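Here the structure is laid out as structure tokens; the discussion comes afterwards.
Worth saying up front: this structure is predicted, and the values here are computed from it rather than measured. We use all heavy atoms of the structure for the numbers below, so side chains are in, but hydrogens, waters and symmetry mates are not.
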Amino acid sequence: MLTKNLIKLFKRDLTKLKEEIQLYNKESNLWITDKLISNSAGNLALHLVGNLNHFIGTALGNAGYVRQRDLEFSLKNISVEELIKQINDTIMVVENTLSSLTQSDLDKEYEKNPFKEKMTTEYFLLHLSMHLAYHLGQVNYHRRLLD
């Protein structure tokens with residue numbers, strides 16, 4: 001079933017996000033921006049955690065997470081340990097939520113859709129996986145360019 005594969009992909013990429021964060025030589029470099037790089041790696045990590053907890057954990061799993069999207073991009077100097085904890089918690093939320101979905105759930109229209117066009121839950125979950133991969137690549141480049 002698709003959910004088993006999505007769980008594997010989300011876990012793989014969130015684990016890689018943790019690895020990228022831990023590879024920084026200086027923790028403070030996680031928060032550096034540049035004239036051409038407006039989002040720090042730390043803020044991208046917070047954004048991914050917020051995004052997945054909101055669109056998967058709360059929208060599909062009623063986890064009760066309250067997203068504060070502005071803080072995902074404005075908070076600074078969160079410790080590596082705290083970022084790792086938040087990513088680990090997100091892995092659990094994603095796994096628990098997706099493992100409870102049925103094919104019927106995947107075929108339904110995704111109700112918390114932030115876009116104009118209608119889409120199924122399955123389609124939106126694929127979008128979220130690609131969104132994670134996109135920002136993970138940005139974190140990798142951020143580390144190699146600015147650390």
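Within the structure, side chain to side chain donor-acceptor pair (under 3.5 Å) pairs that include any residue of residues 112-125 do not occur (at least two apart or interchain).
We find the NZ-CD distance between K4 and E95 to be 12.0 Å, quoted to the nearest 0.5 Å. L132 CG to K16 NZ: the interatomic distance, rounded to the nearest 0.5 Å, is 12.5 Å. In this structure, the separation between NE2 on H131 and CG on L136 is 12.0 Å, given to the nearest 0.5 Å. The structure places CG of L128 at 10.0 Å from NE2 of H54, a figure rounded to the nearest 0.5 Å. To the nearest 0.5 Å, the span separating CD on Q86 from CG on L52 amounts to 12.5 Å. If you take CZ on R12 and CG on L17, they are separated by 12.5 Å, rounding to the nearest 0.5 Å.
Considering only heavy atoms from C-beta on, N53 stays 4.5 Å or farther from R67 through its side chain. Residues T3 and Q103 fail the side-chain proximity criterion, which asks for heavy atoms closer than 4.5 Å. Residues V49 and L14 fail the side-chain proximity criterion, which asks for heavy atoms closer than 4.5 Å.
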Stepwise side chain to side chain contact (heavy atoms under 4.5 Å, CB included) check, I91 with F10: CA-CA 7 Å; I91 290 170; F10 280 115; over 6 Å; no
Hey, mind stepping through S129 and L6 against side chain to side chain contact (heavy atoms under 4.5 Å, CB included) and telling me if it holds? CA-CA 7 Å; S129 177; L6 282 171; 4.2 Å; yes
Show your reasoning for whether side chain to side chain contact (heavy atoms under 4.5 Å, CB included) applies to I78 and W31. CA-CA 9 Å; I78 308 300; W31 305 98; 3.7 Å; yes
Between T33 and S40, does a side chain to side chain contact (heavy atoms under 4.5 Å, CB included) hold up when you go through it step by step? CA-CA 5 Å; T33 57; S40 71; 4.1 Å; yes
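With L125 as the fixed residue, the side chain to side chain contact (heavy atoms under 4.5 Å, CB included) test singles out one of L60, L2, L9: L60. With S104 as reference, T102 is the one residue of D107, L106, T102 to meet the side chain to side chain contact (heavy atoms under 4.5 Å, CB included) rule.
L46 and V93 are not part of a single hydrophobic cluster, where members link through side-chain heavy atoms under 4.5 Å apart. In the hydrophobic cluster analysis, where Ile, Leu, Val, Met, Phe, Trp and Tyr join through side-chain heavy atoms closer than 4.5 angstrom, F115 is grouped apart from M130. In terms of hydrophobic clustering, with Ile, Leu, Val, Met, Phe, Trp and Tyr side chains grouped at heavy-atom distances under 4.5 Å, L48 and I7 are assigned to a common cluster. Residues I84 and Y24 share a hydrophobic cluster, clusters being chains of Ile/Leu/Val/Met/Phe/Trp/Tyr side chains in contact below 4.5 Å. With hydrophobic clusters built from ILVMFWY side chains whose heavy atoms lie under 4.5 angstrom apart, L44 does not share a cluster with I37.
Summarising the local packing, CE of M119 is surrounded by more than 12 heavy atoms from other residues, nucleotides or ligands at distances under 6.0 Å. When the shell of 6.0 Å around CD of E111 is examined, it contains 12 or fewer heavy atoms from other residues, nucleotides or ligands.
A donor-acceptor pair is defined here as one N or O able to donate and one able to accept, closer than 3.5 Å; no such pair exists between the side chain of T97 and the backbone of V94.
Residue V139 comes nearest to A41 through the heavy atom pair CG1-CB, 4.0 Å, listed as atom of the first residue, atom of the second, then distance. Here the closest non-hydrogen pair linking N51 and E72 is N-OE2, 4.2 Å.
For F73 and H47, the ring centers are positioned less than 6.0 Å apart. Taking the six-membered ring for Trp and the full ring otherwise, the centers of H135 and H142 sit at least 6.0 Å from each other.
The pair K85-E81 fails the salt-bridge criterion, with no side-chain N (NZ, NE, NH1 or NH2) lying under 4.0 Å from an Asp/Glu carboxylate O. Salt bridge status for D105 with K108: present, with a side-chain N to carboxylate O gap under 4.0 Å.
Under 3.5 Å, the side chains of N43 and K76 contain a donor-acceptor pair of N or O atoms.
In this structure, F55 and F124 have perpendicular ring planes: the angle between them is above 60°, well past the 30° mark.
For K8, there are no salt bridge (charged side-chain N to carboxylate O under 4.0 Å, His left out) partners two or more places apart in sequence or in a different chain.
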